[in-house]
Protein chains: 2
Amino acid sequence: MRESFRKAGVPLTHQRLAVYEELAARHDHPSAESLYESLRKAYPSLSLATVYKTLQTLHTLGMVSRVDSPTAQARYDAIVATHHHAVCTACGKIEDVFDPSLDRLSAPKTAGFVPAGHSVHFHGLCAKCAKTTDKKKK
Amino acid sequence: MRESFRKAGVPLTHQRLAVYEELAARHDHPSAESLYESLRKAYPSLSLATVYKTLQTLHTLGMVSRVDSPTAQARYDAIVATHHHAVCTACGKIEDVFDPSLDRLSAPKTAGFVPAGHSVHFHGLCAKCAKTTDKKKK
DNA sequence: CTCCTGGTTGATAACTATTATCCGCTAGTA
DNA sequence: TACTAGCGGATAATAGTTATCAACCAGGAG
Ligand SMILES: [Mn+2]
Ligand SMILES: [Mn+2]
Ligand SMILES: [Zn+2]
Ligand SMILES: [Zn+2]
């Protein structure tokens with residue numbers, strides 16, 4: 001951690017550490033806003049802009065990943081290893097999907113395209129929302 | 001077309017027809033703004049808000065699909081059949097990837113998740129951008 | 001064909017997510 | 001401990017999208 005910053009020649013501030021630790025402690029792929037809400041209790045002087053800037057910095061350093069959500073609000077993840085996601089279309093919950101077979105999909109046959117990676121986005125209903133929908137149907 | 005609207009009990013207006021036809025004629029997954037720019041030549045009185053509302057309506061009717069781009073700008077597609085995308089990280093170009101083997105991925109093992117579908121998002125450099133990058137390296 | 005009427009359009013304000021600006025302050029270094 | 005480049009906080013600005021609302025039109029009744 002401290003190491004990653006030194007290597008990149010980027011100062012390690014309290015705020016950066018706090019943002020990273022909070023993100024690493026959560027597994028719900030929070031948005032910048034959501035992280036800010038969690039952090040302001042312990043760090044009342046923290047600014048939302050700092051959270052955004054920090055997430056950008058961490059992303060550039062490869063220490064966090066970004067999940068593009070259909071809600072137009074970017075969601076972040078401290079897990080940078082290749083993995084995939086299952087998104088609930090009802091509540092927006094994003095769950096991790098670890099499945100090595102998904103990591104080795106054949107590259108697209110599009111002429112000239114130089115692939116750098118891929119991600120699989122499942123959509124559907126999470127356990128909780130599926131239950132709620134069931135009740136409605138009855 | 002006219003049929004789909006009647007079935008849904010939704011009035012078929014000139015604007016809706018125009019937006020749909022323009023989208024169907026293009027294969028670059030345009031944004032609402034981009035469609036608006038194309039259409040305003042032929043329909044000077046068309047409003048950007050109408051394009052947004054129409055795309056929503058068409059999407060609800062299942063007549064267009066939406067591609068979530070990492071640029072925070074939603075991109076649309078008249079192709080609603082299952083298919084995937086290759087996104088250029090340099091210029092934002094979105095290309096279609098038709099590959100039936102990608103359509104049959106195993107559903108996520110996440111407990112309780114009720115899958116409705118999935119999409120594979122390749123990222124990398126399009127043919128044009130890959131060439132440009134090559135030149136820079138030299 | 002004409003009239004009615006609820007849904008739609010166009011203009012624009014409002015809103016949300018994100019980024020830019022700017023100045024006082026701090027992390028890293030010696 | 002002092003220096004200074006870069007950072008953080010406050011806030012303005014911007015981009016994309018949605019809400020509002022009066023005028024208008026598509027589609028059905030007569
Ligand atoms: Mn994840
Ligand atoms: Mn497509
Ligand atoms: Zn859910
Ligand atoms: Zn490109």
Side-chain angles (χ1 to χ4, degrees), chain A residues 1-23 29-61 63-64 66-76 92 94, chain B residues 1-20 22-23 29-37 39-61 63-64 66-76 92 94:
Chain A
M1 178 67 200
R2 187 156 246 108
E3 199 53 33
S4 304
F5 277 94
R6 195 156 8 197
K7 217 179 293 177
V10 174
L12 175 54
T13 63
H14 296 142
Q15 292 88 341
R16 283 173 176 167
L17 194 57
V19 168
Y20 181 78
E21 287 185 337
E22 177 66 21
L23 178 60
H29 305 80
S31 64
E33 179 83 34
S34 173
L35 280 171
Y36 172 63
E37 288 305 326
S38 301
L39 288 163
R40 64 188 315 184
K41 293 157 199 160
Y43 305 86
S45 72
L46 182 69
S47 163
L48 174 59
T50 298
V51 176
Y52 274 102
K53 283 183 282 195
T54 298
L55 286 169
Q56 270 182 195
T57 303
L58 293 172
H59 186 244
T60 303
L61 296 184
M63 296 176 63
V64 312
R66 203 192 309 247
V67 184
D68 294 310
S69 87
T71 66
Q73 204 175 172
R75 306 270 296 255
Y76 294 83
I94 299 177
Chain B
M1 178 66 197
R2 187 156 245 107
E3 199 52 34
S4 305
F5 277 94
R6 195 156 8 198
K7 216 179 296 177
V10 173
L12 176 53
T13 63
H14 296 141
Q15 291 88 341
R16 284 172 176 167
L17 194 57
V19 168
Y20 182 78
E22 177 67 22
L23 178 61
H29 306 80
S31 64
E33 180 82 34
S34 172
L35 281 170
Y36 172 63
E37 288 305 327
L39 288 163
R40 64 188 316 184
K41 292 157 198 159
Y43 305 86
S45 72
L46 182 70
S47 163
L48 174 59
T50 298
V51 176
Y52 274 102
K53 283 183 283 197
T54 299
L55 287 170
Q56 271 182 195
T57 302
L58 293 172
H59 185 244
T60 304
L61 297 185
M63 298 175 62
V64 313
R66 204 193 308 249
V67 184
D68 294 310
S69 86
T71 65
Q73 203 175 172
R75 305 270 295 256
Y76 294 84
I94 299 177

Pairwise 5' ranking along DNA chain D for B:Arg66 and B:Pro11, keeping only the more 5' one: B:Arg66
Find the distance between OG1 (B:Thr60) and CD (B:Gln56) and round it off to the nearest 0.5 Å. 6.5 Å
Whole angstroms only, please: what is the OH-C1' distance between A:Tyr52 and D:dT14? 13 Å
Could you please spell out the steps behind the side chain to side chain donor-acceptor pair (under 3.5 Å) verdict for B:Gln15 and B:Thr50? CA-CA 8 Å; B:Gln15 291 88 341; B:Thr50 298; over 6 Å; no
Do the side chains of A:Tyr20 and A:Leu35 get nearer than 4.5 Å, heavy atoms only? no
Do B:Leu23 and B:Pro30 make a side-chain contact, defined as non-hydrogen atoms from C-beta onward lying under 4.5 Å apart? yes
Let me confirm one number: the OH-OG distance from B:Tyr52 to B:Ser31, rounded to the nearest 0.5 Å. 7.0 Å
Record whether the side chain of A:Lys53 comes under 3.5 Å of the base of D:dG6 through a donor-acceptor pair of N or O atoms. no
So, the side chain of B:Arg66 versus the backbone of B:Leu55: is there a donor-acceptor pair under 3.5 Å, distance only? no
Is the shortest side-chain N/O distance from B:Gln15 to OP1 or OP2 of D:dC25 below 4.0 Å? no
Atom CZ of B:Arg75 and atom P of D:dG16: how far apart are they, to the nearest Å? 12 Å
Of all of residues 29-47 of chain A, which get a heavy atom below 4.0 angstrom from DNA chain D, listed by number? A:Ser45, A:Leu46, A:Ser47
B:Leu17 CG to D:dC25 P, straight-line distance once rounded to whole Å: 17 Å
Would you confirm whether B:Arg16, through its side chain, and B:Thr57, through its main-chain N or O, come within 3.5 Å as a donor-acceptor pair? no
Roughly how many Å is it from CG in B:Leu48 to C1' in D:dG16, rounded to a whole number? 9 Å
Taking heavy atoms of chain A and a 4.0 Å limit, find me the 5'-most and 3'-most nucleotide of DNA chain C within that range. C:dA17 to C:dG28
Between D:dA26 and B:His14, is there an OP1 or OP2 to side-chain N/O distance shorter than 4.0 Å? yes
Classify B:Thr13 by what it touches in the nucleic acid, base, sugar-phosphate, or nothing, heavy-atom distance under 4.0 Å. sugar-phosphate
Work out which heavy atom in B:Ser69 is nearest to a heavy atom in B:Ile94; give both atom names and the distance. CB-CD1, 4.5 Å
Taking atom P of D:dA26 as reference, at what distance in whole Å does atom CZ of B:Arg6 sit? 15 Å
Walking DNA chain D from its 5' end, the first of B:Ala72 and B:Val10 to be reached, judged by nearest nucleotide, is B:Ala72
A:Leu48 to A:Tyr36 - nearest heavy-atom pair and separation: N-CE1, 3.5 Å
